Number of protein chains: 2
Amino acid sequence: MTPQRLMIVEAVENSTNHIGADEIYSEVVAKYPNVNVSTVYRTLELLEQLGLVTKTDLGGGRVVYHPVDKGHHHHLVCKECGATIDLDESVLSSLKDSLLRQYQFVADLRHLGIQGVCVNCRQHASQKPAESK
Amino acid sequence: MTPQRLMIVEAVENSTNHIGADEIYSEVVAKYPNVNVSTVYRTLELLEQLGLVTKTDLGGGRVVYHPVDKGHHHHLVCKECGATIDLDESVLSSLKDSLLRQYQFVADLRHLGIQGVCVNCRQHASQKPAESK
DNA sequence: TAAAATTCTGCGAATATTTGCAACAACAAG
DNA sequence: CTTGTTGTTGCAAATATTCGCAGAATTTTA
Ligand SMILES: [Mn+2]
Ligand SMILES: [Mn+2]
Ligand SMILES: [Zn+2]
Ligand SMILES: [Zn+2]
């Protein structure tokens, strides 16, 4: 457990909710000026393999990390407005179960980002049928 | 419909199964030497928005494209051995339905890559409990 | 301790993809 | 035909992430 790893873990744990690699890097580099981004990425990969953090692609180039001990959940991400809706883990547990039963496949569905269109954006789209120019 | 777009569409349609942006580019550049990768990516994005192709991240930096008219399906991707198992669309339709009912969210689940560990790799792992050095 | 083996790091380069911009092409109006 | 408008391209630079490598730090062995 090196100082840089410690600070990276700290940054992830202290984050309110999700945190990106760039934010972690900024936070760490403030106290420890000569850390490298590679180390941040490598440490995050390690933490992921150890099952301490989850990595989630929320779309649009935003990949975020989340400590496992702060609750499992998933996210619906609206491609139109970018809104993210929290989703309880139970919604995906039946899928996970059926993949295990039917395919003996252990799906890694800890913290998923599901792309789509939210209610608001769907309503707005139908209210504006004449999209035109 | 420009010549470069035509050739990109052709490359995707002619592909046996999945095809990556780099492969499309190689194929197109052979006949039309001064196309640019940007055009390939831009065209693929366009085709995706038009609902003609699906884009899927199969993990490990492999993003592949697939024409919609060649059947909908999903993939289980083993993180250990890289094997991909085909999955019928029906397996995810119940999830899609419940997201629509409970959250009024239209999930974009046309061609998903689900990460995890396959049967073989799981058995091998348990047969080798003494992983050691 | 000293030497050897291992692990971790910073750095710079590679990778895949996206973006801004200016030239270019198609096309409509005058 | 001349002009203006719009959409498409190539190029070069930005972005996020990964990788090889050689040196530093650590741990193991003798
Ligand atoms: Mn989350
Ligand atoms: Mn497929
Ligand atoms: Zn929305
Ligand atoms: Zn496997």
Side-chain angles (χ1 to χ4, degrees), chain A residues 1-12 15 18-50 52-66 77 79 82 111 113 115 131-133, chain B residues 1-12 15 18-50 52-66 77 79 82 111 113 115 131-133:
Chain A
M1 186 48 65
T2 65
Q4 33 268 80
R5 285 186 177 179
L6 206 66
M7 297 177 80
I8 292 166
V9 172
E10 219 171 283
V12 179
S15 76
H18 305 132
I19 189 168
D22 51 342
E23 297 170 272
I24 295 170
Y25 177 66
S26 310
E27 211 167 303
V28 174
V29 91
K31 306 180 205 167
Y32 199 113
N34 63 328
V35 263
N36 194 274
V37 256
S38 309
T39 305
V40 173
Y41 282 107
R42 278 188 289 233
T43 303
L44 287 170
E45 193 186 346
L46 180 69
L47 294 175
E48 201 195 345
Q49 280 166 358
L50 293 176
L52 298 176
V53 308
T54 54
K55 178 187 185 179
T56 306
D57 185 358
L58 294 183
R62 281 166 301 162
V63 174
V64 297
Y65 295 84
H66 188 282
V77 183
K79 286 186 295 186
H111 192 194
Q115 300 277 109
E131 165 69 28
S132 76
K133 172 171 86 152
Chain B
M1 186 47 67
T2 65
Q4 33 269 80
R5 285 185 178 178
L6 206 65
M7 296 176 82
I8 292 165
V9 172
E10 218 171 284
V12 179
S15 76
H18 303 132
I19 189 168
D22 51 341
E23 297 170 273
I24 295 170
Y25 177 67
S26 310
E27 212 166 303
V28 174
V29 90
K31 306 181 205 164
Y32 199 112
N34 63 328
V35 265
N36 194 274
V37 254
S38 310
T39 305
V40 173
Y41 281 108
R42 279 188 288 232
T43 303
L44 287 170
E45 193 186 346
L46 180 69
L47 293 174
E48 201 195 346
Q49 281 167 356
L50 293 175
L52 298 176
V53 309
T54 53
K55 178 186 185 179
T56 306
D57 183 359
L58 294 183
R62 280 167 301 162
V63 174
V64 298
Y65 295 84
H66 188 282
V77 183
K79 286 186 296 187
H111 193 194
Q115 301 278 109
E131 165 67 29
S132 74
K133 177 167 79 161

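The structure displayed is predicted, hence computed values, not measured ones.
The OH atom of A:Y32 sits 10 Å away from the C1' atom of D:dA25 (whole-angstrom rounding). Protein atom CD1 of A:I8 is 12 Å distant from nucleotide atom P of C:dC8, rounded to whole Å. Note: CG (A:D57) to P (C:dT18) measures 11 Å, nearest angstrom. Separating the CG atom of B:L44 from the P atom of C:dT17 is a distance of 10 Å, rounded to the nearest angstrom. Remark: P of C:dT7 and CE of A:M1 are 16 Å apart, rounded to the nearest angstrom. Distance A:L6 CG to D:dT26 P: 14 Å, rounded to the nearest Å. Residue B:K55 contributes atom NZ, which lies 10 Å from atom C1' of C:dT18 at whole-angstrom precision. Summarising the geometry, the separation between CD on B:Q4 and P on C:dA25 is reported as 11 Å, rounded to the nearest angstrom.
Residue-level contact check: B:V37 touches neither bases nor backbone, having no heavy atom under 4.0 Å from any strand. Residue-level contact check: A:N34 touches the backbone only, with heavy atoms under 4.0 Å from sugar-phosphate atoms and none from bases.
Phosphate proximity of D:dG10 to B:T39: present, with a side-chain N or O under 4.0 Å from OP1 or OP2. At the phosphate of D:dT9, OP1 or OP2 sits under 4.0 Å from a side-chain N or O atom of B:T2.
Distance from the side chain of B:S38 is smallest to C:dT19 among C:dT19, D:dT17, D:dT9. Proximity note for A:N36 (side chain, C-beta onward) versus C:dC11, C:dC8, D:dT9: the nearest is C:dC11. Side-chain proximity of A:V63 to C:dT9, D:dT17, D:dT9: nearest is D:dT17. Here the side chain of B:Y41 is nearest to one of D:dG10, C:dT17, C:dG10, namely C:dT17.
Judged by distance alone, with hydrogens and angles left aside, the side-chain atoms of A:E23 form a donor-acceptor pair with the main-chain N or O of A:G20 at under 3.5 Å. A distance-only check finds a donor-acceptor pair linking the side chain of B:T2 to the backbone of B:R5 [under 3.5 Å].
Residue pairs that meet the side chain to side chain donor-acceptor pair (under 3.5 Å) test with at least one member in residues 34-47 of chain A, sequence neighbours left out, are A:N36-A:S38.
Listed by chain and residue number, A:K31 satisfy the salt bridge (charged side-chain N to carboxylate O under 4.0 Å, His left out) test with A:E10 (two or more places apart in sequence, or in another chain).
At a cut-off of 3.5 angstrom, counting only N and O atoms as typed in the model, there is a donor on one side and an acceptor on the other between the side-chain of B:R42 and the base of D:dG10.
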Test log, rule side chain to side chain contact (heavy atoms under 4.5 Å, CB included), inputs B:R62 and B:D57: CA-CA 6 Å; B:R62 280 167 301 162; B:D57 183 359; 5.8 Å; no
